[in-house]
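Presented below is the structure to which this report refers.
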Number of protein chains: 2
Amino acid sequence: MDKASGTSIQSYIGEISGLVGSRLEEFLPGAWNVPERLAKSMQYSLMAGGKRLRPLLVVAAAESLGASREAALPVACAVEMVHTYSLIHDDLPAMDDDDYRRGKLTNHKVFGEAMAILAGDGLLTHAFYNVVQASRQYGISAESVLSIIEELAVYAGPSGMVGGQVADMEGEQGLTDLEQLRYIHEHKTGDLIVFCLKAGGRIASASETQLAALETYGRSIGLAFQIQDDILDLVGDETKLGKKTQSDVKQGKVTYPYFIGLEASRAEVDRLTRSAKDAITEGNIPNPDHLLAIADYLLQRDH
Amino acid sequence: MDKASGTSIQSYIGEISGLVGSRLEEFLPGAWNVPERLAKSMQYSLMAGGKRLRPLLVVAAAESLGASREAALPVACAVEMVHTYSLIHDDLPAMDDDDYRRGKLTNHKVFGEAMAILAGDGLLTHAFYNVVQASRQYGISAESVLSIIEELAVYAGPSGMVGGQVADMEGEQGLTDLEQLRYIHEHKTGDLIVFCLKAGGRIASASETQLAALETYGRSIGLAFQIQDDILDLVGDETKLGKKTQSDVKQGKVTYPYFIGLEASRAEVDRLTRSAKDAITEGNIPNPDHLLAIADYLLQRDH
């Protein structure tokens with residue numbers, strides 16, 4: 001952690017986030033003839049100040065194996081589009097019915113429900129276009145890019161993120177036990193994070209051992225991230241979070257702290273963080289520092 | 001039109017439709033661990049008795065250039081998933097608010113709005129998985145499959161089908177002139193049809209000349225199909241259509257007959273059909289019969 005500790009990991013995160021932000025800002029060339037309000041609606045949510053955690057993980061995984069940052073950007077932007085579409089649809093009145101997200105009005109509050117549905121659809125579809133550009137613009141092999149596309153469809157699809165979202169929705173109707181909650185976390189949040197790590201690995205032509213290490217790392221920080229979210233929703237600082245706390249309790253959602261208590265939840269976040277770092281340390285990763293530091297950074301986050 | 005005329009084209013269409021239907025029925029292996037109601041909701045709309053026009057076009061294009069029917073099936077099923085997702089989202093209360101589609105209750109009337117949104121998202125995402133299987137299962141080159149994926153994302157995305165849907169929605173608010181209507185038809189329906197033809201061509205390693213012929217054919221029958229839809233909505237038989245006629249008029253939607261009259265609209269469908277057939281005849285297509293017969297068949301349809 002020498003090179004990447006403290007301020008240095010924060011400046012790395014800031015750098016990648018800035019780079020991804022400017023790529024996303026120009027993702028729809030004017031020549032594409034997209035209806036203006038649709039373009040605005042997609043842009044609005046893409047630029048609504050997310051943490052860019054998922055693009056960061058794609059880039060960090062690719063760089064940890066010696067690939068260039070540039071080559072990872074098309075996939076990094078794609079995954080942020082997928083994440084953003086899922087938030088837009090989650091926030092809809094028929095789903096979580098949220099008026100605010102990251103301290104700003106949600107997409108449908110600004111553009112209306114129909115446009116929010118279509119902006120989500122547009123972002124999801126365009127994400128796959130973006131992934132293809134990793135081959136077109138940076139020469140990543142067609143075989144590797146096909147594997148990335150296949151995994152994006154699996155991890156974000158009916159047996160992945162969409163499945164997790166359905167389970168979450170059913171959970172609100174009181175069906176949940178701890179096993180069900182783990183299913184929700186694993187798929188609703190975890191799967192897309194695992195995708196990021198594996199995709200970063202594939203961009204750098206990772207070996208099977210390296211891919212497995214990245215997958216374990218992703219699976220562990222994904223669950224840790226979600227438990228941390230549960231904890232912050234319970235005891236976090238509303239100003240830092242940009243949203244009201246205790247929304248889980250108010251919506252009758254069960255969480256890790258609900259099942260195993262606050263302290264055990266914190267211990268579980270610690271354990272998962274260690275397990276993520278162990279996988280990287282033992283996984284034959286040439287430049288592990290940023291991935292290790294990101295795991296610690298996520299553990300300590302307050303928003 | 002010798003071999004493929006009359007009953008023979010209908011039996012070809014029936015064959016492909018049956019094949020696609022049984023593939024779609026088993027598209028989600030149980031082992032995938034998809035939440036049960038999500039799987040049911042996706043299946044419900046996939047199996048709700050569509051015409052399977054788009055899969056037919058993929059298969060017919062591939063076969064017209066000598067590729068096998070089997071090799072075209074993964075993409076044929078994928079495009080039906082994309083089409084089905086777009087119908088599910090179109091029917092939502094925030095969009096067209098339709099209770100019936102093809103004579104059956106719409107997805108959200110059976111499964112609720114939230115599930116309908118997610119079933120659409122799941123189908124769209126899973127479509128890309130399916131396209132990849134053209135390479136995995138039938139050895140289509142990774143390069144060709146990447147091009148198919150790129151075009152699916154473009155033709156179904158913000159500058160394609162989703163853009164057309166937005167323009168259609170804005171059209172209902174009284175913004176439409178004939179040029180706008182053409183934009184709507186071209187993108188909302190036409191783009192995905194063009195995709196089908198080009199994808200079928202790519203499966204068969206089409207030359208640039210052949211791809212261009214298939215594109216012109218697709219563009220022409222796509223617009224003809226939509227004008228025919230406008231005509232049928234005005235003067236069609238409700239029993240055959242499985243839906244109420246005159247819904248365009250009632251919803252204040254403008255149509256081709258509205259702008260240029262019924263007879264000129266019929267003449268335009270004729271002209272486009274001829275232009276589609278000319279492109280195929282002149283496009284160096286080794287087995288043109290089915291494509292030619294499909295163009296005629298669409299011209300004569302009453303639902």
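Chain naming here is simple, since letters A, B, ... match the order of the sequence lines and numbering starts at 1 in each.
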Looking only at heavy atoms, which two atoms of A/Pro158 and B/Pro35 are closest? And how far apart? O-CD, 3.8 Å

Quick check on the interface: out of B/Glu151, B/His126, B/Glu113, B/Arg136, who has the most heavy-atom pairs with chain A under 4.5 Å? B/Arg136

Closest-packed option against chain B by number of heavy-atom pairs under 4.5 Å, given A/Gly163, A/Gly160, A/Gly157: A/Gly163

Is atom CD of B/Glu36 surrounded by more than 12 heavy atoms (other residues, nucleotides or ligands) closer than 6.0 Å? no

Do the rings of A/His89 and B/His89 sit parallel, tilted or perpendicular, given the 30° and 60° boundaries? perpendicular

Supply the atom-to-atom distance B/Ile140 CD1 to A/Leu146 CG, rounded to the nearest 0.5 angstrom. 11.5 Å

With a 4.5 angstrom heavy-atom cut-off, is it the side chain or the backbone of A/Ser147 that approaches chain B, or both, or neither? both

Looking at A/Leu118, A/Val34, A/Val82, A/Val145, which one has more heavy-atom pairs under 4.5 Å with chain B than the rest? A/Leu118

With a 4.5 Å heavy-atom cut-off, do A/Asp121 and B/Asp121 have their side chains touching? yes

Between the CD1 atom in B/Ile117 and the CD1 atom in A/Ile88, the distance rounded to the nearest 0.5 Å is 12.0 Å

With a 4.5 angstrom heavy-atom cut-off, could you sort out which part of B/Met115 is near chain A: side chain, backbone, both or neither? both

Leading residue by heavy atom contact count with chain B [cutoff under 4.5 Å; candidates A/Gln165, A/His108, A/Glu150]: A/Glu150

Enter the distance from A/Tyr85:OH to B/Thr125:OG1 here, rounded to the nearest 0.5 Å. 4.5 Å

Grab the two heavy atoms, one from A/Ala94 and one from B/Ala114, that are nearest each other, plus how far apart they are. O-CB, 3.4 Å

A/Gln133 portion near chain B, given a 4.5 angstrom heavy-atom threshold: side chain

